[in-house]
Each structure stands twice: as structure tokens, then as C-alpha cells.
Peer 1: 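Here's a structure for you.
Count residues from 1 along the sequence. Keep in mind that the numbers below use all heavy atoms, side chains included, and drop hydrogens, waters and symmetry copies.
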Amino acid sequence: MTDITLLPQVTAFLGREHGHYISGRLLAGAGTEKFAVVNPATGQAIAQVVEGGQEEVDAAMQAAFAAFHGAWARVSPMERGNCLMRLADLLQAHREELAQLESLCSGKTIQLARGLEIDMAAQFLRYFAGWSSKISGETLNVSLPSFRGEQYTAFTRREPLGVVVGIIPWNFSIMIAIWKLAAALTCGCTVVLKPSEYTPLTMLRVAELAQEAGIPDGTLNVVNGSGARLGPALIAHPHCAKVSFTGSVPTGIAVGKAAMEQGIVRTTLELGGKNGAAFLADVSVDKMVDGIIEAGYLNQGQICAAAERFYLPDSHIDAVLEKLTQRLGAMKVGSSLDETTEVGPLANEAHYRKVLGLFDKARAEGSQIVCGGHALAGPGFFVAPTAIRATGPDDLLMREETFGPVGTFLAYDDEEQMIAMMNDSPYGLAASLWTNDLSKAMRMIPRIEAGTVWINMHTFLDPALPFGGMKSSGIGREFGSAFIEHYTELKSVMVRY
Ligand code: NAD
């Protein structure tokens, strides 16, 4: 098969001058420096973006603040939801255009970009839209007795926080940005998004669609450029009421510290992990292999919830690794724009070099590379799907996130020991347990230290279910109704009469 043909509107978009989206306008900004957007499947630059600075930060934060008190505040809750619904329709109407852009910038295969990135983003938008008219406080009974016969009544109000700064990683440049903007907007907040410098283009196009959907100017803004410079500047801005960050643990810690120092700015931190998947001995070898591929190798492993640590019964591990080697070796590696590709490139050169460096360290440590463990012929940042057999629970690749197509495998012969090893990690984003014994699974669920536990499945995010990390994998929850707490302030009102 060959690459699909790029739509003329994609080629035209790439040829534009790119910068930021502020107050309902695409603009290059005042900067003189530019950075390149590189297609990781070819290593070639496909666009240039003007680096943002303090001037764009100020303009975006001011626009969002004005809209929070003005145009967006005047939009009724029901109409806020309608705006998000129309944006969802526009994402679907521009599905192919957005999927091609996403695939070109991130190396995501075109099939995944269409189905997972665009279609799922539209579904999440619709879910959040439904909440706009249902966010409310409650009426409460005052508990203490009155002294002189006076009466009391009390109620709570859910009030939007203000301007939300959304900082986005490169692995889902549309979907994760949509999670943040939809949560903010449905609650009545306004938003300034800072996409990753590797994937700065897609939100510029989505912002234009948001305007078409009727979202007033200033309500959604996008500022592009270096995270190390723009991130702290956005958080330090006096109009920043909340920062919603998704990314790595070290950056998340820096963001959390900056937010606290800035006067207890509210934070949601969705961070990395080293997610575990454990298979019990009642599962067949074939089912284990299917489960491992589902859990660890989608989008080249570049999914925060993907499993990287696999625990297999001693009785099964040899057979599973043999079959897994065959399956991974048969996966079609290729161009992200080829509809038959199963494994695309890693999303950028820095990440590719990091993953290759981890292979070297694993070898030096004595871990057994069962398959893969090397780069594939370029151009582009391709890495072979890899399986590593650890020597023990303290091997580097049982502890450090690769965020690549890399599973590390450890045998166990005692289920108690397996649970202890699963929990022996500073992270706790997600985990999965695979067994036909549902009763045993139900007993193990409360003992697994992870924000999400899947049984006989992995990497399935549903907007109705809260998502977020335990331990060093983050603070706060997205989705469900849990997000409301993180995008509104709860005000108590008491009345004497
Ligand atoms: P990253 O931490 O390098 O960057 C994330 C964002 O932070 C980017 O927009 C970057 O420009 C910005 N940034 C960089 N320095 C900053 C600073 N000092 N202050 C503020 N912002 C700054 O992460 P990444 O490499 O883009 O993404 C991969 C990581 O994200 C992985 O660790 C993965 O597990 C994690 N992730 C977590 C989730 C989740 O929901 N828990 C989802 C996706 C990815």
C-alpha cells in the first residue's frame, strides 16, 4: 500500500505562517525566532512556527480574562453546551483534515488519528457538553441550634474558577487539549492552551473551528512555543486561576511548585507512570499475547495509560514471549499515512534517542532483549516493537517509563508476591488484571494502587469514568462528574432570617 493523498486544505494549512490564536485571531505575534515542526515519519520539517513570548502570554491571558467576565459569562449554561456540541460536529466534519494534520505532526498512524484522536475527541466533547446545564450547588440544613429563635438556611454554589491554563503533551495533541478545554468551558471558565512544541499546529485549526461553533472570541486561546519559557510565564500570570497539566512527572512537579508559589493556583496534574499488567495462570497463552499487545503497543506505546511492566506466571512466560516475538515481528511498520501501517515512528527525535538510550542501559544491566531493542532503518524515528525479560523487579526498565513500544516482562510464581511487585512503584496511573476468575479479580481490585484498574482489558478511557493518577502519577481527576470539583470553586452561603 502507499500513502494516502493529502487533502488540499492540509497542504494549504501547512503553508501558512503559524503562531498563536488570541482573541479570535490567528497571529504570528511579536517574536522573531521560529521553530520547525518535523514529521517524525520522514525527519523533514513540514512547517515553521513563530515562538511566543511574554507579549503573547499577556495578550492571551488578558483576552481569556475579559471573556470570562464578559462574552462567555453572558452565554447561558445550556448554550455553553450547545457550543461544545457544534464544535464536536465540526471536528467530525473536518475529520480527515484534522487526522492528516495530527498524523503528520505526531507520527500517529492515520487510522488511529481518525478513530482515536478525532472521533474520540468529538465523543468527549459531547459528554462534557451535557454537563453544562447540570452543574449546581445544593440546599443544606444548618446543623447547629438557633439561640434566639432566628432561622437559617444555607446553600452552596458551584462557581467557575476563571482562566484555566491547559498545558498539553505531544502524544494526543487534539484529544488531551479537548479534555481540558471542554471541562473548562462547560463549567464557565475560559482557557489558554499551551500545546507541546512538537505538535503546535492542530489546536490552531481546532481554535478556528471553535470560533465557527460560536464560542466567543477570547474564550479559547492558544499560545505556542517553548514549555520551559511559556509554562512558567502563564502560571505566573495574575489572571491564571488554575493550571491543568498533562505531561511527564518532572515537569509536573515543576508546574505544581510554580502553581503553589503563585498564590495556591489550583492544579490538576495528569502525569506519567509505569503501569503494570498482570496475567493469572488461568488465562491461555494466546489471550495473554492479545492482551499484552492491546495493553502495551498501541500508538507505539505512547499512551500514558499503556502498560510497560508485565507480570506473567512462571509456567507461561516462555511460551508467551515466544508467541509475542512472532506477533511483534509480523506487525507492519511504515509510514503513518499508509492505512495498512500498524507501527508508526516515535513522535520526535528527542524521544527516539531517549528510548534507544534506555535499550543500551537495559543491555548493560543484563536484561534480556527478547525481540526488538533497536532502531529501524530511517528516514524517520522508527523503533522496533520490543520485549525485554527483566532479571528482577529492580531492573531499570521495570521502574523507568519508556513511553515507547517496549514491554518488560517478569515471571512470578506466587500471586501475593505479584501484587506486591505491582504496587512497588512510585507511580499509580493505571493497571490491569487478566483472569477468568472474576471472584479473585474482585478481591484483588482494592489492593492494586492505581487510579484506574481494568479487568481483562487495558487503555480504554470512557468519558463517564474519572481518570487520574494515584501516588506520583498526579493530582485530581478528569471526566465523570469528578472534573467539576477541579474547575469550579464551592462557595457556601448562609442566610439568617
Ligand atoms: P513534558 O512534560 O515534556 O511536556 C508536557 C508539556 O509541558 C509540553 O507542552 C511542554 O512544552 C510543557 N512544559 C515543559 N516544561 C515546562 C515547564 N517548566 N512549565 C510548564 N510547562 C512546561 O511531557 P511530554 O514529553 O510532552 O509527554 C509525555 C509524558 O506525558 C509522558 O510522561 C506521559 O506519561 C505523560 N502523559 C500523561 C498523561 C495522563 O493523562 N496522565 C497523558 C498523556 C501523557
Side-chain angles (χ1 to χ4, degrees), residues 39-41 43 102-103 106-113 115-117 169-172 198 248 272-277 288-310 312 320-336 338 340-363 367-390 395-410 429-430 432 458-459:
N39 176 355
E102 169 64 20
S103 182
S106 73
K108 187 169 288 128
T109 62
I110 186 68
Q111 299 283 29
L112 220 50
L116 196 53
E117 184 88 82
W170 44 256
N171 64 328
F172 283 92
Y198 294 109
S248 63
K274 187 75 189 174
N275 308 305
M288 286 188 188
V289 173
D290 287 344
I292 290 164
I293 290 175
E294 173 187 331
Y297 294 88
L298 196 66
N299 196 33
Q300 294 77 256
Q302 301 166 125
I303 298 182
C304 56
E308 295 204 1
R309 297 182 284 146
F310 291 92
L312 301 179
V320 170
L321 288 177
E322 193 183 324
K323 199 146 216 167
L324 182 66
T325 300
Q326 289 164 11
R327 290 275 299 275
L328 294 180
M331 284 175 101
K332 185 171 178 231
V333 183
S335 163
S336 332
D338 179 335
T340 62
T341 292
E342 292 173 286
V343 181
L346 293 188
N348 58 70
E349 187 172 2
H351 184 47
Y352 165 80
R353 301 222 170 275
K354 184 193 117 178
V355 172
L356 294 181
L358 286 170
F359 290 154
D360 292 341
K361 287 184 187 161
R363 274 193 194 89
S367 302
Q368 182 198 346
I369 311 278
V370 179
C371 65
H374 55 82
L376 293 170
F381 311 130
F382 291 89
V383 167
T386 297
I388 294 177
R389 190 163 180 170
D395 280 16
L396 180 75
L397 287 199
M398 288 300 286
R399 309 202 77 84
E400 192 166 321
E401 184 187 43
T402 66
F403 213 52
V406 186
T408 306
F409 296 82
L410 193 60
L429 185 60
S432 63
H458 201 111
T459 326

Peer 1: What's the spacing between T109 OG1 and D338 CG if we round to 0.5 Å?
Peer 2: 10.0 Å
Peer 1: Any donor-acceptor pair under 3.5 Å linking the side chain of K108 with the backbone of A347?
Peer 2: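 Checked: no pair found.
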Peer 1: Find the distance between CZ (R389) and CD1 (I369) and round it off to the nearest 0.5 Å.
Peer 2: 13.5 Å
Peer 1: Going by ring pair (Phe, Tyr, Trp, His ring centres under 6.0 Å), name the residues that satisfy it together with F409, two or more places apart in sequence or in a different chain.
Peer 2: F310
Peer 1: Determine the minimum heavy-atom distance between T341 and S335, stating which atoms define it.
Peer 2: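 Closest heavy-atom pair between T341 and S335: OG1-O, 2.8 Å.
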Peer 1: Tell me the closest heavy-atom pair linking I388 and S367, and the distance in Å.
Peer 2: CG2-CB, 3.7 Å
Peer 1: To check you understand the geometry: which heavy-atom pair defines the closest contact between A307 and A277, and what is its length?
Peer 2: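 Closest heavy-atom pair between A307 and A277: CB-CB, 3.8 Å.
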Peer 1: Got a sec: does the NZ of K354 have more than 12 other heavy atoms crowding it under 6.0 Å?
Peer 2: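 For K354, atom NZ is crowded (more than 12 foreign heavy atoms under 6.0 Å).
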Peer 1: What's the spacing between H351 NE2 and W170 CH2 if we round to 0.5 Å?
Peer 2: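 CH2 of W170 is found 4.0 Å from NE2 of H351.
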Peer 1: Going by heavy atoms in the side chains, are C371 and P385 under 4.5 Å from each other?
Peer 2: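 Counting from C-beta outward, C371 and P385 never come under 4.5 Å.
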Peer 1: Take L324 and M288, measure what side-chain contact (heavy atoms from CB on, under 4.5 Å) needs, and give me the verdict at the end.
Peer 2: CA-CA 9 Å; L324 182 66; M288 286 188 188; over 6 Å; no
Peer 1: Verify, without hydrogens or angle tests, whether E308 (side chain) and T408 (backbone) share a donor-acceptor contact under 3.5 angstrom.
Peer 2: no
Peer 1: Set out, in order, the CA-CA distance, both residues' side-chain angles and the distance that settles side-chain contact (heavy atoms from CB on, under 4.5 Å) for H374 and L376, then state yes or no.
Peer 2: CA-CA 7 Å; H374 55 82; L376 293 170; 3.7 Å; yes
Peer 1: Quick check for you: to the nearest 0.5 Å, what is the distance between E117 atom CD and I110 atom CD1?
Peer 2: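 E117 atom CD to I110 atom CD1 measures 11.0 Å (nearest 0.5 Å).
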Peer 1: Could you measure the distance from the CG atom of L328 to the CG atom of L321? Nearest 0.5 Å is fine.
Peer 2: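 That separation rounds to 10.0 Å.
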Peer 1: Locate the shortest heavy-atom distance separating G404 from L346; write the atom from each residue and the value.
Peer 2: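 Reported closest heavy-atom pair: CA-CD2, 4.5 Å.
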Peer 1: Show, in sequence, the C-alpha distance, side-chain angles and deciding distance for K332 and E342, and conclude whether the salt bridge (charged side-chain N to carboxylate O under 4.0 Å, His left out) test is met.
Peer 2: CA-CA 5 Å; K332 185 171 178 231; E342 292 173 286; over 6 Å; no
Peer 1: Locate the shortest heavy-atom distance separating F382 from V333; write the atom from each residue and the value.
Peer 2: CD2-CG1, 3.6 Å
Peer 1: Could you tell me whether a side-chain N or O of H458 sits under 3.5 Å from a main-chain N or O of I292, the two making a donor and an acceptor?
Peer 2: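 Here the side-chain-to-backbone pair does not exist.
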Peer 1: Walk me through it: do L429 and C304 pass the test side-chain contact (heavy atoms from CB on, under 4.5 Å)?
Peer 2: CA-CA 8 Å; L429 185 60; C304 56; 3.8 Å; yes
Peer 1: Output, in order, the C-alpha distance, side-chain angles, deciding distance and verdict of side-chain contact (heavy atoms from CB on, under 4.5 Å) for V343 and Q300.
Peer 2: CA-CA 6 Å; V343 181; Q300 294 77 256; 4.0 Å; yes
Peer 1: Looking only at heavy atoms, what is the nearest atom pair of T402 and V355, with distance?
Peer 2: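 What the structure gives for the nearest pair is O-CG2, 3.6 Å.
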Peer 1: Looking only at atom types and distance, does a side-chain atom of T386 sit under 3.5 Å from a main-chain N or O of G372, one as donor and one as acceptor?
Peer 2: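 A pair under 3.5 Å: no.
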Peer 1: Using side-chain heavy atoms (C-beta onward) and a distance below 4.5 Å, is R327 in contact with D290?
Peer 2: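 In short, these two side chains touch, coming nearer than 4.5 Å.
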Peer 1: Would you compute the distance between atom CZ of R309 and atom CG of D395 and round it to the nearest 0.5 angstrom?
Peer 2: 12.5 Å
Peer 1: Applying the ring-ring contact (aromatic ring centres under 6.0 Å, His included) test to Y352, which of Y198, F359, F381 qualifies?
Peer 2: F381
